[in-house]
Amino acid sequence: MSEAAFREAVHDAVLRWYAVAGRDLPWRHRDATPWGVLVSEVMAQQTPIARIIGPWQAWLARWPTPAALASASPADVILAWDRLGYPRRALGLHRAAKAMVEGHDGQVPSDPADLRALPGVGEYTTAAVSSFAFGNPLVVIDTNVRRVLTRIALGREQAAPSLTAAERALAQEWLPAEPDRANAWNVAAMELGALICTARAPRCEDCPVRDRCRWVAAGRPAYDGPVRKGQGYEGTDRQLRGRILALARAATAPLAPEVLEGLGEPERVARLAEQLCAEGLLVHSRAGYDLPR
DNA sequence: CATTCGTGGCA
DNA sequence: TTGCCAAGAAT
């Protein structure tokens with residue numbers, strides 16, 4: 001069997017699997033707008049899908065268009081983001097909404113270059129919105145797709161720590177030529193990685209391509225490559241920033257200095273609070289630190 | 001190219 | 001119990 005025929009056989013099996021096993025996520029509905037798709041993609045960056053469904057629905061109900069969000073205050077945006085994590089994403093979405101009002105007639109741009117220019121929109125999100133919202137079949141490469149292709153096509157457990165040119169070429173090679181099929185493959189490959197071909201404890205018994213997967217055929221050999229550095233969280237700046245912002249979200253008035261003292265060394269707390277101000281997540285007035293209301 | 005940037009659930 | 005990791009982007 002040629003490599004092209006191998007790919008096509010995998011496509012067929014995964015697409016058939018997706019048709020019956022794919023999740024009914026709200027941004028996949030026919031009435032979902034490009035704006036809804038964009039919001040879902042930004043929320044999903046490094047945050048589990050299960051945790052964003054509720055917030056996504058609330059967000060779209062409150063701000064159904066880029067113009068609606070552009071009119072909100074940064075504080076409302078940060079509060080609505082709640083605890084999805086990496087709150088700079090919320091500010092990025094807010095700035096992106098303003099940019100769409102200013103430069104794109106209040107619409108999510110369909111031109112990939114215009115999408116890519118929006119704050120918080122990188123290579124992945126550009127491709128995802130292009131494919132899922134506009135039917136423009138750019139190759140979508142996220143952590144799921146990387147893992148799926150690494151296992152099925154290369155027979156290895158994990159992809160390299162960072163996306164390589166070879167991986168991009170592989171994913172492009174694996175993208176079906178026919179546009180509709182390419183778009184369907186993009187979402188189906190991601191879904192397979194999310195539900196079956198998971199990082200830990202993959203459910204190979206339930207995999208539609210278990211009989212074709214080169215990793216399974218090789219006996220599921222363990223990852224043999226550069227050691228990945230764990231994220232680490234306890235005691236980090238990230239943790240403390242999160243605590244500062246959590247206090248600000250819960251407060252209805254500027255945070256008094258003594259409130260912040262309990263979080264750690266005053267110098268460090270002040271440094272991080274100032275950093276949060278520089279990023280637009282807080283403002284510093286005589287009364288103390290507060291959300292940018 | 002390596003780091004930084006939240007939060008929470010689960011093996 | 002705790003380390004791992006989840007639809008990345010920016011620097």
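First the proteins, then the strands, lettered A, B, ... as listed; each starts at 1.
Residue-level contact check: A/Leu25 touches the bases, meaning some heavy atom is under 4.0 Å from a base atom. Nucleic acid contact class of A/Thr143 (heavy atoms, under 4.0 Å, all strands): sugar-phosphate only. Here A/Val121 lies in heavy-atom contact (under 4.0 Å) with sugar-phosphate atoms only. Among the heavy atoms of the strands lying under 4.0 Å from A/Thr125 are primed sugar atoms or P, OP1, OP2 only; no base atom is included. Within the 4.0 angstrom heavy-atom criterion, only backbone atoms of the sugar-phosphate kind lie near A/Gly122; the bases stay farther away. Among the heavy atoms of the strands lying under 4.0 Å from A/Ala199 are primed sugar atoms or P, OP1, OP2 only; no base atom is included. Here A/Pro161 lies out of heavy-atom contact (under 4.0 Å) with every strand. If you check every strand for non-hydrogen atoms under 4.0 Å, A/Arg28 touches a base. Contacts of A/Arg116 with the nucleic acid, taken as non-hydrogen atoms under 4.0 Å apart, involve only primed sugar atoms and P, OP1 or OP2. Using a 4.0 Å heavy-atom distance criterion, A/Gln275 is classed as a sugar-phosphate-only contact. No engagement by A/Leu245 is indicated, since no non-hydrogen atom pair under 4.0 Å with the nucleic acid exists. Nucleic acid contact class of A/Arg203 (heavy atoms, under 4.0 Å, all strands): none. Using a 4.0 Å heavy-atom cutoff across all strands shown, A/Trp27 reaches at least one base atom of the nucleic acid.
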Show me the donor-acceptor pairs within less than 3.5 Å that the side chains of residues 154-161 of chain A make with the rest of the protein, sequence neighbours left out.
from, atom 1, to, atom 2, distance (Å)
A/Glu157, OE1, A/Tyr223, N, 2.7
A/Gln158, OE1, A/Arg228, NE, 3.2

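One interatomic measurement links the two molecules: CG of A/Leu118 to P of C/dA10, which rounds to 10 Å at whole-angstrom precision. As a whole-Å value, the separation of A/Glu123 CD from C/dA7 P is 17 Å. In this entry the distance linking CZ of A/Arg89 with C1' of B/dG6 reads 8 Å, nearest Å. Distance A/Met43 CE to C/dA9 C1': 17 Å, rounded to the nearest Å. Put simply, CZ on A/Arg241 is 9 Å from C1' on B/dT4, counting in whole angstrom units. The nearest whole Å value for the distance from the CZ atom in A/Arg243 to the C1' atom in B/dG6 is 12 Å. Rounding to whole angstrom units, CZ of residue A/Arg23 and P of C/dA6 are separated by 13 Å. We find that CZ of A/Arg83 is positioned 17 Å from C1' of C/dA6, with the value rounded to whole Å.
Where A/Ala201 and A/Gly85 each meet DNA chain B at their nearest nucleotide, the meeting point lying more 5' is that of A/Gly85. Between A/Pro119 and A/Pro48, the residue whose closest nucleotide on DNA chain C is further toward the 5' end is A/Pro48. Positionally, the nearest nucleotide of DNA chain B for A/Ser162 lies more toward the 5' end than for the other of A/Leu272 and A/Ser162.
Candidate nucleotides B/dC5, B/dG9, C/dG8 were compared by shortest atom distance to the side chain of A/Arg200, and B/dG9 ranks first. Distances from the side chain of A/Arg238 to the nucleotides C/dG8, B/dG6, B/dT7 place B/dG6 closest.
When the side-chain nitrogen and oxygen atoms of A/Arg147 are compared with OP1 and OP2 of C/dA6, one or more of them lie within a distance under 4.0 Å. Dashed line: the shortest gap from a side-chain N or O of A/Arg88 to OP1 or OP2 of C/dT11 is not under 4.0 Å. Contact check, A/Gln46 against C/dG8: a side-chain N or O comes under 4.0 Å of OP1 or OP2.
Side chain A/Thr47 to base B/dG6: a donor-acceptor pair is found below 3.5 Å. The base of C/dA6 lies close enough to the side chain of A/Gln231 for a donor and an acceptor atom to sit less than 3.5 Å apart.
For A/Arg28, the CZ atom sits in a packed shell: over 12 heavy atoms of surrounding residues, nucleotides or ligands are nearer than 6.0 Å. Other residues, nucleotides and ligands place no more than 12 heavy atoms under 6.0 Å from the CD atom of A/Glu265.
Between A/Thr164 atom OG1 and A/Arg146 atom CZ the span is 7.0 Å, to the nearest 0.5 Å. With values rounded to the nearest 0.5 angstrom, A/Arg62 atom CZ is found 4.5 Å from A/Asp76 atom CG.
The gap from the C1' atom of B/dG8 to that of C/dT1 amounts to 15 Å, rounded to the nearest Å. Comparing the P positions of C/dA7 and B/dC5 gives an interatomic distance of 22 Å, to the nearest angstrom.
With respect to A/Glu191 and A/Arg23, a salt bridge is recorded, a charged nitrogen being found less than 4.0 Å from a carboxylate O.
Side-chain N or O atoms of A/Trp215 include none that pairs as donor or acceptor with a backbone N or O of A/Gly219 at under 3.5 Å.
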